[in-house]
Amino acid sequence: MKFTPEIYSIPDIPMTPFIDIDEIWNLLHKTISTPEKVRSIISKSLSKQRLNLEEVAVLINANEPELIQEIKEGAKTLKKNIYGNRIVLFAPLYVGSKCANNCTYCGFRASNKDAVRKTLDDQEIISEVEALEDNGQKRLILVYGEHAHYSPDYIAHTVKVAYNVRKGNGEIRRININAAPMEIDGFKIVKEAGIGTYQIFQETYHREAYKTYHLSGKKSDFDYRLTSLDRAQEAGLDDVGIGALFGLYDWRFEVMSLVRHTNHLEACYNVGPHTISFPRIKDASSLNFGDKYFVSDDDFTKLIAILRLAVPYTGMILTAREPEVLRNEIIQYGVSQIDGGTKIELGSYSKNNEKKNLNKGQFKINDDRSLNEIIDELLDQEMIPSFCTSCYRRGRTGEHFMEFSVPGFIKRFCTPNAILTMAEYIMDYAPESTAIKGWKAIEKNIETLDDNSIKKSVLEKIEKIKKGERDLYY
Ligand code: SAM
Ligand code: SF4
């Protein structure tokens with residue numbers, strides 16, 4: 001029986017699980033990677049076609065260094081062809097660290113007596129958002145533990161509080177959330193509050209492994225979590241992000257499952273996830289975690305390149321969990337969004353010079369660069385940092401979010417919007433050295449716009465930004 005949203009809404013008909021452990025392992029075991037096969041799969045992806053599960057398994061099974069290099073080069077080319085040279089920037093804002101679950105890998109787990117629990121009150125949210133705006137941030141992801149306190153109404157309230165903060169020319173134009181799974185009505189409430197993406201990670205897609213890490217609390221229900229994005233779709237929330245926590249189970253299985261989950265959403269709702277995340281386990285408060293499924297830097301880089309080739313049109317997020325050097329390298333293989341100036345101890349954006357404290361956050365951050373330092377380095381690498389929030393605000397989301405599949409989309413929307421948000425950043429927040437580099441990058445990027453009317457319009461808007469107008473976008 002094919003699962004459809006209509007069937008799912010009838011409570012006594014159980015949903016057919018879409019992750020079949022045997023199917024995935026069989027594919028991984030039976031596919032053989034030859035150089036010819038790998039090359040033809042890379043060319044298929046470069047022609048902007050989605051890969052099927054068997055093709056993903058072929059890439060995963062390619063172990064010769066030369067073939068891995070070809071996969072990475074393929075991902076690099078695809079990223080350039082589809083996403084151009086822009087990188088979207090955002091910051092996480094942790095709102096509450098109370099949690100009723102016991103996920104063994106997480107500092108917020110209920111049994112962790114060393115964790116310092118905190119929930120920001122409205123004034124604290126305002127102070128945090130003001131500090132983030134002062135740095136130039138325009139896009140946030142609000143993050144919550146899983147606790148009765150953090151109901152959909154509460155989450156909606158905090159989202160509205162954050163959207164209302166205006167400091168100088170600062171404002172937050174897009175708020176995504178990472179929060180516990182909800183019922184359909186709950187999703188409707190947070191959608192109504194104006195969230196961008198609802199993000200949730202399955203952690204591991206392996207049902208048996210999942211049980212060993214999720215010891216108690218609602219999150220121990222594998223299926224409830226796995227079906228959360230189906231409920232989100234039913235609530236009309238079609239902008240969703242998926243992810244797996246690498247280090248809980250075999251990375252090859254998780255990559256296959258992320259693609260399978262994408263297929264499921266596309267097949268049932270005509271729209272895949274907006275983003276895929278691939279956090280790797282990092283140290284956390286009082287953590288004593290085994291390394292049986294540890295993912296090496298080499299495998300991590302390879303798996304990101306494979307995901308890029310597998311789902312050419314899906315955004316990919318690389319967070320400050322990873323250190324600077326690795327982030328700078330991996331960014332080339334298909335990442336479209338990164339966080340900058342990240343602080344995850346609750347309430348720490350507004351407190352300058354507060355020391356990092358593992359007991360106050362969920363896990364350890366390994367890239368401590370400020371937002372401006374990251375922008376500087378992106379500019380040095382000839383990338384254009386972007387704070388664009390236009391698609392979401394123009395309603396180009398979900399099924400209608402054809403971003404990269406529409407010919408000329410990048411040149412018509414993404415590059416101009418990246419240029420305009422960068423111009424705003426330079427005018428309002430950048431130190432002189434960044435401003436010099438930034439204007440040069442803007443000039444260079446304007447030259448790449450081959451439609452003269454767009455060029456002219458971007459130049460006019462930049463003049464308006466220089467005179468003080470803000471929030472101009474396509
Ligand atoms: N309470 C929410 C939940 O469980 O979905 C929010 C969790 S948190 C912001 C987002 C993600 O951080 C989790 O889903 C998990 O994948 C990841 N995470 C948890 N512990 C981690 C650790 N020690 N290192 C790296 N990432 C971790
Ligand atoms: Fe709670 Fe989320 Fe941490 Fe699990 S991962 S203990 S649900 S905050």
Side-chain angles (χ1 to χ4, degrees), residues 90-119 140-152 154-155 158 176-182 186 190 197-205 209-210 212-222 224-226 228-229 232 240-249 251 254 258 275-291 293-295 300 317-323 339 342-346 358-367:
F90 71 96
L93 172 58
Y94 276 74
V95 179
S97 62
K98 291 204 267 184
C99 194
N101 292 324
N102 263 307
C103 310
T104 53
Y105 45 80
C106 174
F108 289 169
R109 66 195 179 280
S111 64
N112 183 14
K113 299 279 176 282
D114 294 331
V116 180
R117 308 279 167 188
K118 184 165 175 61
T119 301
L140 300 182
I141 179 158
L142 264 45
V143 185
Y144 313 77
E146 184 163 338
H147 192 274
H149 190 123
Y150 312 139
S151 65
Y154 171 81
I155 291 173
T158 56
N176 302 330
I177 62 168
N178 181 314
M182 299 170 205
V190 294
T197 306
Y198 168 65
Q199 182 192 66
I200 185 167
F201 306 153
Q202 185 59 26
E203 318 300 10
T204 172
Y205 283 91
Y210 187 93
T212 66
Y213 297 112
H214 301 97
L215 304 182
S216 62
K218 224 173 166 185
K219 192 164 164 183
S220 54
D221 186 340
F222 177 88
Y224 188 69
R225 195 164 180 92
L226 190 62
S228 47
L229 296 181
V240 298
I242 63 173
L245 179 56
F246 283 88
L248 297 183
Y249 188 60
W251 67 265
E254 307 295 11
L258 285 166
T275 53
I276 295 189
S277 300
F278 24 82
R280 254 195 319 180
I281 292 187
K282 300 292 165 189
D283 196 13
S285 166
S286 306
L287 197 67
N288 181 8
F289 206 80
D291 58 4
Y293 293 111
F294 174 77
V295 181
F300 191 56
I317 302 178
L318 178 65
T319 68
R321 288 176 181 85
E322 299 303 334
D339 51 341
T342 295
K343 292 186 185 175
I344 65 171
E345 288 92 350
L346 279 98
L358 222 46
N359 291 333
K360 289 188 177 172
Q362 194 186 14
F363 47 77
K364 185 166 181 259
I365 286 296
N366 292 290
D367 183 350

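One-based numbering, in listed order, for ligands and for the atoms of each. Keep in mind that what you see is a predicted model, and the values were worked out from it rather than measured.
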### Query
Just which atoms of ligand 1 are under 4.0 Å from any heavy atom in Val143?
9 (C)
### Message
Looking at ligand 1, would Lys219 count as a contact under a 4.0 Å heavy-atom criterion?
### Response
yes
### Message
Quick check against the 3.5 Å criterion: does Asn366 have a side-chain atom that pairs as donor or acceptor with the backbone of Pro323?
### Response
no
### Message
Any donor-acceptor pair under 3.5 Å linking the side-chain atoms of Ser97 with those of Gln362?
### Response
no
#### Entry: Shortest protein contact, atom 21 (C) of ligand 1 (heavy atom only)
Phe363 CD2, 3.6 Å
### Query
Any idea which protein heavy atom is nearest atom 10 (C) of ligand 1, and the distance to it?
Asn178 ND2, 3.6 Å
### Ion pair Glu322/Lys282, N-O distance below 4.0 Å
yes
### Query
What protein N/O/S atoms sit under 2.8 Å from atom 1 (Fe) of ligand 2, by chain and number?
Cys99 SG
### Task
Would you mind running through ligand 2 and noting each atom that sits below 4.0 Å from a heavy atom of Gln362?
3 (Fe), 5 (S), 8 (S)
### Message
Looking at non-hydrogen atoms alone, which of Glu203, Gln199, Arg109 comes nearest to atom 16 (O) of ligand 1?
### Response
Glu203
### Query
For the side chain of Asn101 and the backbone of Lys219, is there at least one donor-acceptor N/O pair under 3.5 Å apart?
yes
### Message
Side chains of Asp339 and Thr319: any donor to acceptor distance under 3.5 Å?
### Response
no
### Query
Is the closest side-chain donor-acceptor distance between Thr158 and Tyr144 under 3.5 Å?
yes
### Message
As an exercise, identify every atom of ligand 1 less than 4.0 angstrom from a heavy atom of Gly145.
### Response
1 (N)
### Task
Of the side chain and backbone of Tyr144, name the one, both, or neither that has a heavy atom under 4.0 Å from an atom of ligand 1.
backbone
### Cys106 neighbourhood, listing ligand 1 atoms whose heavy-atom distance to it stays under 4.0 Å
20 (N)
### Message
Yes or no: does Ala180 have any heavy atom under 4.0 Å from an atom of ligand 1?
### Response
no
### Message
At under 4.0 Å between heavy atoms, is it the side chain or the backbone of Tyr105 that contacts ligand 1, or both, or neither?
### Response
both
### Query
Hey, is the main chain of Leu226 close enough, under 3.5 Å, to the side chain of Gln202 for a donor-acceptor pair?
yes
### Task
Please report which non-hydrogen protein atom sits nearest to atom 7 (C) of ligand 1, along with the residue it belongs to and the distance in Å to one decimal place.
Gln362 NE2, 3.5 Å
### Task
To the nearest 0.5 Å, tell me how far Lys218 NZ sits from His214 NE2.
15.0 Å
### Query
With respect to atom 5 (O) of ligand 1, which of Glu146, Lys282, Glu322, Arg225 exhibits the smallest heavy-atom separation?
Arg225
### Task
Classify the side-chain pair Asn359/Ser285 by whether it contains a donor and acceptor separated by less than 3.5 Å.
yes
### Task
Check for a donor-acceptor pair, side chain of Arg117 on one end and backbone N or O of Phe108 on the other, with a separation under 3.5 Å.
yes
### Message
As an exercise, identify every atom of ligand 1 less than 4.0 angstrom from a heavy atom of Arg280.
### Response
24 (N), 25 (C)
### Message
With a cutoff of 4.0 Å, is Phe289 in contact with ligand 1, counting heavy atoms of the residue only?
### Response
no
### Query
Which atoms from ligand 1 have a heavy atom of Arg321 less than 4.0 Å away?
11 (C), 12 (O), 17 (C), 25 (C), 26 (N)
### Query
Out of curiosity, is Ile281 lining ligand 1, as in a heavy atom under 4.0 Å away?
yes
### Query
Taking the six-membered ring for Trp, are the ring centroids of Phe278 and Phe246 within less than 6.0 Å of each other?
no
## Note on the structure
Here the gap from Arg321 atom CZ to Phe363 atom CZ, rounded to the nearest 0.5 Å, amounts to 3.5 Å
### Query
Does His214 approach ligand 2 within less than 4.0 angstrom via side chain, backbone, both or neither, non-hydrogen atoms only?
neither
### Summary
CD1 of Ile276 to CD1 of Ile317, rounded to nearest 0.5 Å, is 10.0 Å
### Sidechain-backbone polar pair: Tyr94 side chain, Gly145 backbone, donor-acceptor under 3.5 Å
no
### Task
I would like to know whether Tyr213 and Glu203 meet side-chain contact (heavy atoms from CB on, under 4.5 Å); could you show each step before the answer?
CA-CA 9 Å; Tyr213 297 112; Glu203 318 300 10; over 6 Å; no
